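Have a look at the structure below before the remarks.
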Amino acid sequence: MKFFLIITMCSSIYQICMPPVQVEEVFDNHYDCAYQGYTLSADIIKNLGEKQVNADRMYLSFSCKPIGSL
């Protein structure tokens, strides 16, 4: 079964989330999708920077959806 990775960025200060973004890559299994979800989330937080993440209390969530379930 193949999976899509969907990432959502939110602010707990403003209690809003950006629209979810589907990563273009298709993953062969849930493990690879989940691993990439954590990796990309960490990279995004790092790129946003400590100041913005702290100021807006940013966080990311992700899900791995089987192809055909969207």
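The shown structure was predicted, so the numbers you read here are calculated from the model rather than taken from an experiment.
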Qualifying disulfide bond (SG atoms under 2.5 Å apart) pairs with a residue from residues 13-57, counting only residues at least two apart or across chains: Cys10-Cys17, Cys33-Cys64
How would you list all residue pairs meeting salt bridge (charged side-chain N to carboxylate O under 4.0 Å, His left out) that involve residues 1-17, not counting sequence neighbours? Lys2-Asp28
Partners of Asn54 by side-chain hydrogen bond (donor to acceptor under 3.5 Å, both in side chains), sequence neighbours excluded? none
Are the side chains of Ile45 and Leu60 in touch, meaning some heavy atoms are under 4.5 Å apart? yes
Which residues pass the side-chain hydrogen bond (donor to acceptor under 3.5 Å, both in side chains) test with Asp43, not counting sequence neighbours? none
Which value, rounded to the nearest 0.5 Å, describes the distance between Phe3 atom CZ and Lys65 atom NZ? 11.0 Å
For a 4.5 angstrom cut-off between non-hydrogen side-chain atoms, does Val26 reach Phe4? yes
For Ser12, give me all partners under side-chain contact (heavy atoms from CB on, under 4.5 Å), at least two apart in sequence or on another chain. Arg57, Tyr59
Check which hydrophobic residues are tied to Tyr31 through side-chain heavy-atom contacts below 4.5 Å, counting indirect links as well, and list them. Tyr35
Mind checking side-chain contact (heavy atoms from CB on, under 4.5 Å) for Val23 and listing every partner two or more places apart, or none if nothing turns up? Leu5, Ile7, Glu25, Leu40
Following the transitive rule for hydrophobic clusters with a side-chain heavy-atom cut-off under 4.5 Å over Ile, Leu, Val, Met, Phe, Trp and Tyr, establish whether Met9 and Ile16 coincide in one cluster. no
Using ring pair (Phe, Tyr, Trp, His ring centres under 6.0 Å) as the criterion, list what pairs up with Tyr38, not counting sequence neighbours. Phe62
Measuring from Gln52:CD to Ser11:OG, what's the distance to the nearest 0.5 Å? 9.0 Å
All side-chain hydrogen bond (donor to acceptor under 3.5 Å, both in side chains) counterparts of Asn47, not counting sequence neighbours: none
